[in-house]
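Everything numeric in this text was worked out from a predicted model, so none of it was measured. Both ligands and their constituent atoms are indexed starting at 1 by order of listing.
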Amino acid sequence: ATENKAVITLFGATGDLAKRKLYTALFKLYQKGYLQDHFALLGTSRHEYSDEEFQEVVRQSIKDVEETRTGEAQDFSKHFFYKSHDVTKPEHYTILKKRIEELDKQFGTEGNRLFYMSMAPQFFGTIAMNLKKQGLLSDDGFNRLVIEKPFGRDFDSAKKLNDELSETFNENQIFRIDHYLGKEMVQNIQALRFGNTIIESLWNNRYIDNIQVTLSEKLGVEERAGYYDHSGALRDMVQNHIMQIVAQLAMEQPVSFTDTDVRVEKIKALRSLRVYTPSEAAANFVRGQYDAGDGTEAYRSADGVDPESGTETFVAAKLMFDNYRWSGVPFYVRTGKKLADKFTRIDVVFKKPLIDIFADPRNESDQSLNSNVLTIFVEPKSGFAMQLNAKRAGQGFTTQPVDLKYLQSDTDKKESPEPYERLFHDALEGNHTNFASWAEIAYAWKFVDVIRKLWDIEKPQFPNYTPGSMGPAASDELLARDGRKWVYRL
Ligand code: BG6
């Protein structure tokens with residue numbers, strides 16, 4: 001492995017994400033040699049910690065990762081330092097600056113600086129501005145900004161944030177995290193499509209009937225209610241994760257597999273996504289909120305949720321792309337909390353043969369052939385399945401659906417890095433392939449804003465689905481109206 005050299009400054013160093021994901025990701029990079037002697041992390045947040053206390057926080061966070069040699073976690077934690085910090089006070093940045101410069105010298109990081117924002121989004125702009133004003137950027141190595149979602153609440157606030165960041169960082173220096181882009185099988189969409197003639201040659205409106213994307217969660221909002229009640233599923237999952245997946249399914253083949261070329265195609269795809277008028281949006285979006293059931297409480301009864309909350313915990317929608325490849329092919333998407341199970345999958349439903357020669361001509365309702373369906377299992381199992389029609393064994397002639405299937409082995413899965421490990425490494429390498437560009441985010445917000453505005457005005461009839469189901473009945477009706485069904489249903 002090639003060593004990455006940098007001082008990482010982490011805003012939100014004692015936060016939940018840092019403790020749950022970021023330190024583990026860095027430790028794994030350290031174990032694999034992507035980080036060696038020449039890195040340091042300067043953590044900051046409002047809390048007071050000494051360097052030693054902070055190092056203990058880091059060791060606690062990585063305690064479940066097996067060491068590859070004794071003393072490894074201890075050695076790793078010695079690269080971590082801490083300064084408490086009030087992000088609104090300019091003079092505090094001068095303290096950080098001094099500390100970063102010292103660490104740069106001490107660890108020989110060649111002026112490379114990575115700033116990671118993992119805290120309340122209202123401060124992202126202020127921090128970026130101060131990084132420049134107080135001179136925290138280096139002149140010799142790289143300066144990069146990694147920024148967590150949410151990236152805005154709507155197009156206007158996202159644009160404002162982006163304008164603020166752009167005062168300090170250019171687009172090539174900004175890495176907007178969407179952890180779904182760090183998932184093995186989401187990255188595999190491109191391998192599957194652009195590495196296989198039999199897939200890509202059929203990947204258009206002549207052969208595909210519809211595409212379905214499901215991000216299903218079993219848990220409710222748990223202790224994140226405070227955030228979630230102001231966000232809702234549309235902002236929390238659709239604007240970012242679902243849009244990024246859909247862009248990869250819809251995009252044209254990039255000229256090369258580099259971040260610049262991939263980005264161009266994703267932007268073009270999102271640009272051809274039909275932005276609905278308010279009445280079209282009302283017809284093509286479904287929202288839901290879970291009720292009590294299965295021995296668990298209703299969303300509205302959760303701690304931190306407004307008892308009359310109109311926040312949606314479920315969204316289903318029909319998306320249309322107005323371009324040559326996809327004209328007429330609906331992309332149905334859905335996501336929700338407290339559904340039947342935790343999984344992410346993509347179902348690509350192909351058109352049936354134009355003539356079914358196996359059907360009984362005397363019986364009009366005889367429909368023996370099924371649609372071919374290509375399923376991409378993203379999580380928890382990872383792999384693909386292709387449903388084909390085959391002859392049922394035995395006398396006579398009837399057909400039945402059979403599956404060609406590839407699932408990653410447990411060893412493969414164990415070797416696949418977690419999203420945050422991958423994305424951290426990409427950012428250290430300066431590779432943008434698995435990050436969202438501003439233009440993609442802007443198009444996604446413009447699409448989502450129409451329905452958000454409508455939903456903010458019209459009072460919903462909530463709650464409208466039971467825990468353990470696949471959402472409200474209207475989600476099934478959205479497809480039934482088009483003579484279709486969700487491939488995954490209970
Ligand atoms: C996050 C959302 O972005 O993604 C959460 O804020 C959601 O609400 C999570 O639970 C799902 O991610 P994953 O990787 O567990 O599917």
Ligand-protein N/O pairs under 3.5 Å (ligand 1):
unit_1   : atom_1 : unit_2 : atom_2 : d
ligand 1 : 3 (O)  : K149   : NZ     : 3.0
ligand 1 : 3 (O)  : H241   : NE2    : 2.7
ligand 1 : 6 (O)  : K149   : NZ     : 3.1
ligand 1 : 6 (O)  : R224   : NH2    : 2.9
ligand 1 : 6 (O)  : D236   : OD1    : 2.6
ligand 1 : 6 (O)  : D236   : OD2    : 3.4
ligand 1 : 8 (O)  : R224   : NH1    : 3.0
ligand 1 : 8 (O)  : D236   : OD2    : 2.6
ligand 1 : 8 (O)  : K337   : NZ     : 2.7
ligand 1 : 10 (O) : E217   : OE1    : 2.6
ligand 1 : 10 (O) : E217   : OE2    : 3.2
ligand 1 : 10 (O) : K337   : NZ     : 3.1
ligand 1 : 12 (O) : H179   : NE2    : 3.1
ligand 1 : 14 (O) : H179   : NE2    : 2.8
ligand 1 : 14 (O) : K183   : NZ     : 2.5
ligand 1 : 15 (O) : K342   : NZ     : 3.0
ligand 1 : 16 (O) : Y180   : OH     : 2.5
ligand 1 : 16 (O) : K342   : NZ     : 2.8

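Cation-pi contact between K381 and F377: present, with separation from the ring centre below 6.0 Å and deviation from the ring axis of at most 45°. Remark: K32 is not positioned above the aromatic ring of Y34, lacking an NZ or CZ atom under 6.0 angstrom from the ring centre and at most 45 degrees off the axis.
The pair R235-D154 does not meet the salt-bridge criterion, since no charged nitrogen lies less than 4.0 angstrom from a carboxylate oxygen. In this structure, E280 does not pair ionically with R274, as no charged nitrogen and carboxylate oxygen lie closer than 4.0 Å. For K160 and E164, the salt-bridge test passes: some basic side-chain N is under 4.0 Å from an acidic carboxylate O. Under the 4.0 Å criterion applied to side-chain N and carboxylate O atoms, R20 and D16 are assigned as salt-bridge partners.
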